[in-house]
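Input: a single structure, listed below in structure tokens.
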Amino acid sequence: MGVLLPSPRQGAYMSYDPQDLEARWRERWAESGRYEADPDGRDPEESTFVTVPYPYPSGGMHIGHARTYTVPDVYARYRRQQGDNVLFPIAWHVTGTPIVGAVERLKKGDESQIDSLQHAFGVPEADLKNLETPMGFARYFIEEAECSYKSGMQQLGLSIDWRREFTTTDERYQRFITWQYETLKARGLLEKGLHPVKFCTEQENPVTTHDLLEGEEVEYQEYTLVKFASATFGNDAVADAETVFPMATLRPETVRGVTNAYVDPDGEYVVARVDDERWVVSAEAAEKLEYQAHEVEIERERPGEAFVGETVTNPVTGDEVLILPASFVDTDSGSGVVMSVPAHSPDDYLALQEATADAEALETYGIDPAAVEAIEPVPILSVEGYGEIPAKDAVESAGIESADDPGLKEVTQQVYNREFHQGELHDEYGKYGGEVVEDVRDDLKAHFESQGAFATMYDFPEPVISRAGGKVVVAYQDTWFLRYNDPDWQAKASRAVANLDAIPENTREQYDHTVDWLEEWPCIRNYGLGTPLPWDQDFIIEPLSDSTIYMSYYTVAHRLQEIPVEDLTHEFFDTLLLGEGDHERARELREEWDYWYPVDYRCSANDLISNHLTFFLYHHAELFEEPKWPQGITIMGMGLLEGEKMSSSKGHVVLPGEAIATYGADTVRFFLLNSSEPWQDYDWRAEEVGSTRDQLERFWNRAVERIEGPDGERDLEQVDRWLLARLQETVVDVTAAMENFETRTASQTAFYRFEEHLKWYRRRADLERPGARWTLRTVLETRLRLLAPFVPFMANELHERLTGEPAEDVPWPEPVPEFEDDAVLAEEALVKDVLEDVWDIVDVTDTDPETIRLYVAADWKREVFDTVVETGPNQGAVMGQVMQDEALREQGDAVNDLVGDLVSFVRERDADTLETLAAIEEAAVYADAAAFLEREFDAEVAIEREDDDPADPADKAGHARPFRPAIHLE
RNA sequence: GCGCGGGUAGCCAAGUGGUAACGGCGCAGCGCUUAGGACGCUGUCUCGUAGGAGUCCGCAGGUUCGAAUCCUGUCCCGCGCACCA
């Protein structure tokens, strides 16, 4: 059941019992419907609507998902404390094939599937039967399983409005999607066309990656068929028309460099009528062409050798080239007829050499060896780093002599890359001459295709086999497309990107890039769960296309339950979502939609920018008015487990339920949000999670002690004011971070950084004083409010014990002007400096002083400091100013040194800081801290003034500088 | 190749012009304790018998009074690149 978790360490105090405490709060929240949000008296401007992609329950929930849903929760809790009416809903995405596929594999008894369910998610044997229908499977992982999403979310304490949940196969949701697609179609944004898909020849069905046994990683490629022709061909075939030899290539621009062609002499070929032409291709290719919407009628079957020695004409240059035999030709790749470009293809270069060398073989096929020997590579482009014949250079400099050389593949790849990105075509290419291949390949291809010289064929570079055992080919299928490349729609989407609060900001470029790059998106599938395409019920609207505007569905999801399905007509949604039409009930509901919309923040994974999130913007931009477009998107990073990718198939996962049972939900939440900012990757490490728990427990124990201890009263000393000033700073910083979704910064600031302040305070202050008690109580109360979004169970409990009200029910803290105090912060910094300086000296000299003398700098030194501040940090200018004083002039070098120091001191500080420093009375600060220093060092502390002719046994007083007293230990 | 991000101490990680650089883990010492993997304090680049000096942020240059931070070049790593969700 996932990775074993070590037991938490038990503290000396047993009072922190997260399981008990968290269970009580969960129950309380559920019973009171605490997070059910409805439009109320608050202004819609003060409503916050935050969403996260609805989970896809094709398996259980693991710890990686936990952060995904906790990020928006923390933001939602923060906004609630800020006084907003906050809606945070959830639903379940079951559209598409993964669940169906998982069920099928399970029913077939697929070992790895069963193993994953049992091992990673702890599904008991007895439950497996319930998973044998798609919705049974979905339902199980939505809410029935121990590792279900709903259970995980509730245990984490997510502040979700559970009344609004639905699944994407609900009838009402399907009505909504139906409306969306009818509307888009009416607006001309859907288009029908043929599209290549992976297709199993055994089952006569399209297949997805999950259906593949072999070649899961293989992507099909678009080959160009260069239509070489033979007018003379006919040695035993039908000679009544020109015969086309379509040569498959991925580099159509090399057409002018073809010197010969190859066929596999032992391969099976056919002469076939393809559409209106007669083609010669391999038998396999003929089958593939048929799948790709060509009319194919086989006239004769012939072995490859029948075509060897034939002459064919280059459709672009008009040159005649010879067909040679070659065993390396794979009849199951492309057309089975290949063209040879020895100048630019290392393979072809070597093959030609080998053919030339084997005159005997050529003669067997009736080819004149002299004719082959006469073939010279024809270069068609120039590329830096290679000579005239790049393939020759590449092969020779790599020392490759035969086609069997394992280094050939890499050399070939190198040549292809260089030529593609840097190769400039020669002038014979007319308007493409002088251009770089990368920039014109597509154009050039289209140009010759329109002239009838080229055609297109799709094929895989490696074998692909389906789980049914059938060969997978590329077939054309009728498909409906979303026209994401429509210029008007693109323009709206771009505007939606521009309006967006993209978090972090550097993702904006990725959205723009996606909008530029998206073409037509096939939005239907042949099978799977989902909403049927309204006008062609054989197809299902695919998952990325039925999840683009569903956030608007949330706003009324629970109300729609009260309406009979058949009343949810096209007009109903027109009224609800567009404000067009007169459906009465829809008009009422539109008020709720209007109250919550737009989506304020969508939190989603960074890999969804290039599809889902951009689609989300597109569809909103089209269907809604600009003020209703998404306001912000926060991107989330990936999770690792002990430094490695999580994998439910390998059982390398941690389940939230187990983690919460071990550490408590607050610890899980705090770890997930504090270990990195939402958009950064994070790493779940059990050891660190354990230590997070220890830290929270320590916090709890201190808080309980404080709550149970006496109240204190407001009688403040310097050090109390210092801590209170730090507290105000913390409030400001945490609030700023929360506004930017910087959960790590926020929680670090409120928790760890403040712990550092407290450490200093405990060392510095007498904690038994009533003033200290009052201060610590105030600090605790404020910190609990700042931490409530992160650790809501603990923070609410402690805050309630402290004040009678849970933290979530009181406002988010604001800085108290009375306690904002830069001076006291600067003064305390001086005390800390002195403390460290004295410790340094003690350490270095290894002495135990009985008396510590601090000498505060002479008045004239402070005057020099003032001058530097006024004049600016410029040595010359300051010296000019200072030297006008006769008394100082006499001290010459000493003054110069001091000015040098003070100039850099001033240069490194901003105006506000300098102003604060200028007002500080140093001697008073040290006098106030003397008792503390005496405690620290167990020594007498004497504060002296350099000016007052002090006791100075080691002649140290002169070293005093402003804000840096001289020190003498004795 | 294109797009985005990143290389900082034994590990994780903050820092985007001003002090070897917040935290956490680990490690070491001390205290507390029957004990502790609990808790508290201190330390953790090197050297140093006076608060100092030296070195340092992938590598190499440059700009600047001053660079982990800005610029140029370079090496390495991660993610995405569609019809999977």
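Sequence lines set the chain letters: A, B, ... in the order given, protein chains first and strands last, and positions in each chain run from 1.
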Mind checking [X] for me? I need base, sugar-phosphate or nothing, with any heavy atom below 4.0 Å counting as a touch.
X        : value
A:Ala966 : base
A:Glu836 : nothing
A:Glu755 : nothing
A:Leu518 : base
A:Gln695 : sugar-phosphate
A:Asn506 : sugar-phosphate
A:Glu688 : base
A:Pro196 : nothing
A:Asp837 : base
A:Trp517 : base
A:Arg907 : base
A:Asp846 : nothing

Side-chain contact, heavy-atom cut-off 4.5 Å: [X] with [Y]?
X        : Y        : result
A:Ile503 : A:Asn740 : no
A:Phe615 : A:Leu518 : yes
A:Trp480 : A:His195 : no

Within the pair [X] and [N], is there a side-chain N or O less than 4.0 Å away from OP1 or OP2?
X        : N     : value
A:Asn606 : B:C4  : no
A:Arg964 : B:G52 : yes
A:Arg698 : B:G40 : yes
A:Ser675 : B:C12 : no
A:Arg685 : B:G24 : no

Interatomic distance at [atom1], [N] relative to [M], whole Å:
N     : M     : atom1 : result
B:A13 : B:G61 : C1'   : 29 Å
B:G10 : B:C56 : P     : 15 Å
B:U16 : B:G66 : C1'   : 15 Å
B:G3  : B:A9  : P     : 30 Å
B:C22 : B:U8  : C1'   : 13 Å
B:U55 : B:U19 : C1'   : 15 Å
B:G54 : B:C59 : C1'   : 22 Å
B:C11 : B:C57 : P     : 15 Å

Tell me the partner of [N], counting only Watson-Crick (N1-N3 plus N6-O4 or O6-N4) or G-U wobble (N1-O2 and O6-N3) with both under 3.5 Å; none if nothing fits.
N     : answer
B:G37 : none
B:A13 : none
B:G66 : none
B:C57 : none
B:C22 : none
B:A85 : none
B:C2  : B:G80
B:C27 : B:G43

Given [options], the nucleotide with the shortest approach to the side chain of [X]:
X        : options             : result
A:Val844 : B:A38, B:G51, B:G48 : B:G48
A:Arg525 : B:A85, B:G24, B:C4  : B:A85
A:His959 : B:A82, B:G51, B:A85 : B:G51
A:Pro98  : B:C4, B:C84, B:C65  : B:C84
A:Tyr752 : B:G23, B:A38, B:C2  : B:G23
A:Glu756 : B:G26, B:A85, B:G23 : B:G23

Relative to the ring of [Y], is the ring of [X] parallel (under 30°), tilted (30 to 60°) or perpendicular (over 60°)?
X        : Y        : result
A:Phe932 : A:Trp760 : perpendicular
A:Tyr484 : A:His619 : perpendicular
A:Phe754 : A:His757 : perpendicular
A:Tyr69  : A:Tyr149 : perpendicular

Rounded distance (Å) that lies between atom [atom2] of [N] and atom [atom1] of [X]:
X        : N     : atom1 : atom2 : value
A:Asp733 : B:G15 : CG    : P     : 13 Å
A:Glu677 : B:G15 : CD    : C1'   : 13 Å
A:Leu544 : B:A82 : CG    : C1'   : 9 Å
A:Tyr16  : B:C39 : OH    : P     : 14 Å
A:Glu936 : B:C41 : CD    : P     : 12 Å
A:Arg441 : B:C2  : CZ    : C1'   : 15 Å
A:Asp840 : B:A50 : CG    : P     : 11 Å
A:Tyr220 : B:C84 : OH    : C1'   : 13 Å

A:Tyr220 (side chain) donor-acceptor with A:Pro196 (main chain) under 3.5 angstrom: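 Confirmed, A:Tyr220 side chain pairs with A:Pro196 backbone.
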Heavy-atom donor-acceptor pair, A:Thr614 side chain to A:Ser610 backbone, under 3.5 Å: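 Here the side-chain-to-backbone pair does not exist.
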5' priority, RNA chain B, between A:His968 and A:Arg702 [closest heavy atom]: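 The residue mapped nearer the 5' terminus is A:Arg702.
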5' priority, RNA chain B, between A:His195 and A:Phe420 [closest heavy atom]: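 Upstream on the strand: A:Phe420.
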Sequence-distant partners of A:Glu922, salt bridge (Lys or Arg N to Asp or Glu O under 4.0 Å), two or more places apart: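 With neighbours one apart ignored, the set is A:Arg862.
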Partners passing salt bridge (Lys or Arg N to Asp or Glu O under 4.0 Å) against A:Asp516 (at least two apart in sequence or in another chain):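 None.
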Cation-pi, A:Tyr855 ring and A:Arg853 (6.0 angstrom, 45 degrees):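 Relative to the ring axis of A:Tyr855, which defines the angle, A:Arg853 lies outside at least one limit.
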N/O contacts under 3.5 Å, protein versus nucleotides 42-44 of chain B?
residue : atom : partner  : partner atom : Å
B:U42   : OP1  : A:Arg763 : NH1          : 3.3

